[in-house]
Amino acid sequence: MSNSNGGDCRYVIDLNAYIKLVLHALKHKTSAVNGVLLGRLSGEVVEIADSVPLFHSSQIGLLPPLEIALITIEEYYSSQGLSIVGYFHANERFDDLELGTVARNIADHVYRYFPQAALLLLDNKKLGALRNNKDMAPVMQLYTRDSSKSWKHFVSNGNKRLTTKEPSANIVLLDYISSEKWNDVVDFDDHLDDISR
């Protein structure tokens, strides 16, 4: 296992993990949402096999609920050979592409456990353009932490640092959006409100 930081890795996100995160953001259009990425490091590739939507409320930046969520998730997924490999964030405002303090702080927290951690920020402009262009690139911006301990945005200039495992992921996503599949998404907030969910 290499001890490099995220600067050298490629990130491949599974269809299910990808769609769950985007639908979670669409379900709660008027609030910021977040989630964690689960997967494993395979050589220089971080395989993101699953994701867990976390919060969509004022809880989003609070450490105690986050700590409980991370411990619960880590325990549940470790038996499947998966661990937390990153963090996902969608801002409250559609036109906001800033990586805010809350997102950075939570991602820093994940980074302490996994130095190759990915920070994915939903790009609403890319999401909005899905219907018109046949772009196969994920509708997220990839940030990784460099040696100076700051989160750097990687612009996809052909090097494909972040890709979806299935090339047709955006086609499936569009289909799910048109059938309003986001109603099926349950996050940690929902679970705390109703433990059966």
Side-chain angles (χ1 to χ4, degrees), residues 6 8-29 32-56 73 76-77 80-91 94-97 99 103 107 110 114 116-144 151-188 190:
D8 312 316
C9 289
R10 286 196 314 109
Y11 298 84
V12 180
I13 186 167
D14 207 66
L15 180 69
N16 184 39
Y18 177 65
I19 284 183
K20 226 189 290 184
L21 293 171
V22 179
L23 291 182
H24 182 222
L26 289 171
K27 182 177 182 177
H28 304 285
K29 284 190 176 91
V33 303
N34 64 1
V36 288
L37 313 173
L38 292 133
R40 59 183 71 83
L41 183 63
S42 176
E44 293 294 294
V45 178
V46 175
E47 298 169 356
I48 303 165
D50 205 347
S51 64
V52 178
L54 288 177
F55 302 108
H56 64 267
I73 290 163
Y76 180 81
Y77 283 93
Q80 299 173 35
L82 300 177
S83 54
I84 295 172
V85 296
Y87 173 71
F88 169 79
H89 193 90
N91 287 322
F94 186 84
D95 57 350
D96 185 0
L97 276 177
L99 190 60
V110 171
F114 188 75
Q116 299 86 0
L119 167 48
L120 301 181
L121 181 68
L122 182 68
D123 187 332
N124 281 310
K125 289 192 178 70
K126 283 185 184 173
L127 183 58
L130 266 188
R131 293 190 198 292
N132 312 335
N133 63 14
K134 300 290 169 255
D135 194 355
M136 293 299 161
V139 294
M140 299 162 183
Q141 295 182 356
L142 169 67
Y143 291 80
T144 57
W151 292 95
K152 290 273 185 286
H153 175 215
F154 278 92
V155 184
S156 306
N157 49 2
N159 63 359
K160 300 287 186 215
R161 289 288 307 282
L162 172 67
T163 54
T164 51
K165 193 172 176 187
E166 293 79 1
S168 62
N170 283 344
I171 297 163
V172 177
L173 178 61
L174 265 178
D175 185 46
Y176 277 27
I177 291 170
S178 61
S179 57
E180 300 192 357
K181 277 272 198 300
W182 56 76
N183 292 315
D184 302 341
V185 177
V186 175
D187 65 12
F188 207 77
D190 299 326

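- Under the 3.5 Å distance criterion, the side-chain polar atoms of K165 are left unmatched by any main-chain donor or acceptor of L15.
- Residues passing the side chain to side chain contact (heavy atoms under 4.5 Å, CB included) test with D175, sequence neighbours excluded: S178.
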#### Entry: Chi angles and distances behind the side chain to side chain contact (heavy atoms under 4.5 Å, CB included) call for L38, I48
CA-CA 6 Å; L38 292 133; I48 303 165; over 6 Å; no
### Task
Tell me, with the steps shown, if N34 and F88 meet side chain to side chain contact (heavy atoms under 4.5 Å, CB included).
CA-CA 5 Å; N34 64 1; F88 169 79; 5.7 Å; no
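- By the side chain to side chain contact (heavy atoms under 4.5 Å, CB included) test, L130 is found to be paired with L127, V139, N170, L173, L174, residues two or more places apart in sequence or in another chain being considered.
- Expressed to the nearest 0.5 Å, how far OG1 of T144 lies from CG of L142 amounts to 5.5 Å.
- Closest non-hydrogen pair, L119 versus A107, comes out as CD2-CB, 3.7 Å.
- Remark: K29 qualifies as a cation-pi partner of W182 under the 6.0 Å distance and 45° angle criteria applied to the six-membered ring.
- Distance check: S51 OG to L23 CG gives 9.5 Å after rounding to the nearest 0.5 Å.
- Taking both residues in full, the closest heavy atoms of V85 and V110 are given as C-CG1, 4.4 Å, listed atom of the first, atom of the second, then distance.
- Of all the heavy atoms in I84 and F114, the pair that sits closest is O-CB, 3.7 Å.
- In this structure, L162 and M140 approach most closely via the heavy-atom pair CD2-O, 4.1 Å.
- Shortest non-hydrogen contact noted between Y11 and A117 is OH-O, 3.9 Å.
- The CG atom of L97 sits 5.0 Å away from atom CG of D123, with the distance rounded to the nearest 0.5 Å.
- Using a distance-only test at 3.5 Å, with no hydrogens or angles considered, a donor-acceptor pair links the side chain of N91 to the main chain of D96.
- Closest heavy-atom contact between L37 and A118: CD1-O, 4.0 Å.
- The CZ atom of R10 sits 5.5 Å away from the OG1 atom of T163 when rounded to the nearest 0.5 Å.
- Using bins of under 30°, 30° to 60° and over 60° for the plane-to-plane angle, the ring pair H28/H56 lands in the parallel bin.
- Side chain of R40 to backbone of V46: no donor-acceptor contact under 3.5 angstrom is found.
- One finds the CG atom of N16 at 9.5 Å from the CG atom of L21 (value rounded to the nearest 0.5 Å).
- Counted within 6.0 Å of OH on Y77, heavy atoms from surrounding residues, nucleotides or ligands total more than 12; the atom is thus considered enclosed.
- No side-chain donor-acceptor contact under 3.5 Å links K20 to the backbone of V185.
- Atoms CG and OH, from D50 and Y76 in turn, are 9.0 Å apart once rounded to the nearest 0.5 Å.
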### Task
Assess whether side chain to side chain contact (heavy atoms under 4.5 Å, CB included) is satisfied between W151 and L99, documenting all intermediate values.
CA-CA 9 Å; W151 292 95; L99 190 60; 3.9 Å; yes
### Task
Before giving the answer on side chain to side chain contact (heavy atoms under 4.5 Å, CB included), spell out for E166 and D14 the whole-Å C-alpha distance, their side-chain angles and the decisive distance to 0.1 Å.
CA-CA 7 Å; E166 293 79 1; D14 207 66; 4.1 Å; yes
